[in-house]
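See structure below.
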Amino acid sequence: MALDPELAARLKRNADGLFCAVAQEKGTGEVLMVAWMDDTALERTLATRKATYYSRSRQEYWVKGETSGHTQYVHDARLDCDGDTVLLVVDQVGAACHTGNHSCFDTESLTFGVPPRPDSAQ
């Protein structure tokens, strides 16, 4: 099975044929991780509802949780307005990050050089 041609035409890929994928937790809206996909990874994800990514370092496909058990069931998938990023809305079982954290963004906030605006939420 191949990726729908209309969807494939909307995708903007980098020089390696890849585009960014952002996994967001369905229940909380928390951003869990960022990974890479190509047409095949997206097609497999849409066909199975199992988040499938492309590893640039290993040059192979990987299904999230296939070895760790930390799976992602995909409820929704959307392209951004530019077509260069796909958002996957997922149920995350276990840690999303390879470090064992729930999110790859469970890190300290970066330091800014100016204070926040008085009207901004902290």
Side-chain angles (χ1 to χ4, degrees):
M1 181 175 190
L3 193 61
D4 177 88
E6 288 182 25
L7 174 56
R10 293 171 53 200
L11 289 168
K12 291 190 178 112
R13 301 154 192 87
N14 68 13
D16 296 320
L18 304 174
F19 48 90
C20 183
V22 176
Q24 178 185 39
E25 192 164 39
K26 181 177 186 263
T28 66
E30 181 178 12
V31 175
L32 298 172
M33 58 177 276
V34 175
W36 292 98
M37 285 184 152
D38 65 3
D39 290 20
T40 300
L42 181 56
E43 185 276 320
R44 290 178 184 181
T45 298
L46 295 174
T48 64
R49 291 190 180 261
K50 295 178 182 179
T52 303
Y53 302 106
Y54 185 77
S55 170
R56 295 176 300 166
S57 59
R58 295 188 314 265
Q59 301 279 302
E60 65 184 17
Y61 297 99
W62 57 282
V63 177
K64 181 67 178 163
E66 196 169 55
T67 57
S68 68
H70 300 165
T71 59
Q72 291 177 344
Y73 176 83
V74 181
H75 286 275
D76 193 15
R78 297 170 184 242
L79 291 183
D80 75 340
C81 58
D82 296 321
D84 62 1
T85 303
V86 64
L87 174 68
L88 302 179
V89 180
V90 304
D91 281 336
Q92 178 68 47
V93 174
C97 187
H98 70 281
T99 64
N101 288 338
H102 183 68
S103 167
C104 293
F105 298 96
D106 287 346
T107 59
E108 293 181 22
S109 294
L110 300 178
T111 303
F112 290 89
V114 297
R117 292 189 324 232
D119 64 333
S120 66
Q122 304 235 357

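Using a distance-only test at 3.5 Å, with no hydrogens or angles considered, a donor-acceptor pair links the side chain of D38 to the main chain of A41. For T71 (side chain) and V93 (main-chain N/O), no donor-acceptor pair under 3.5 Å exists by modelled atom type. Between the H75 side chain and the V89 main chain, no donor and acceptor come within less than 3.5 Å of each other. At distances below 3.5 Å, at least one donor-acceptor pair connects side-chain atoms of T52 with backbone N or O atoms of K50. R13 places a side-chain N or O within 3.5 Å of a backbone atom of L11 that can act as its donor or acceptor partner. Using a distance-only test at 3.5 Å, with no hydrogens or angles considered, no donor-acceptor pair links the side chain of K64 to the main chain of Y53.
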Pair L7-L79, side-chain contact (heavy atoms from CB on, under 4.5 Å): steps then yes or no: CA-CA 9 Å; L7 174 56; L79 291 183; 3.6 Å; yes
Residue pair K12, F19: steps toward the side-chain contact (heavy atoms from CB on, under 4.5 Å) verdict: CA-CA 7 Å; K12 291 190 178 112; F19 48 90; over 6 Å; no
side-chain contact (heavy atoms from CB on, under 4.5 Å), that's the test. Do V22 and D80 meet it? Break it down for me. CA-CA 10 Å; V22 176; D80 75 340; over 6 Å; no
As a quick check of understanding, evaluate side-chain contact (heavy atoms from CB on, under 4.5 Å) for Y54 and D16, giving each step before the final call. CA-CA 11 Å; Y54 185 77; D16 296 320; over 6 Å; no
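Considering every non-hydrogen atom in both D91 and K26, the closest pair reads OD1-CB, 3.9 Å. When all heavy atoms of D4 and E6 are compared, the closest pair comes out as OD2-N, 2.9 Å.
The CZ atom of R10 sits 12.0 Å away from the CG atom of D82 when rounded to the nearest 0.5 Å. To the nearest 0.5 Å, atoms CE (M37) and OG1 (T45) are separated by 3.5 Å. Atom CD of Q92 sits about 10.0 Å away from atom OG1 of T28, to the nearest 0.5 Å. In this structure, E30 CD and D106 CG are separated by 5.5 Å, a value rounded to the nearest 0.5 Å.
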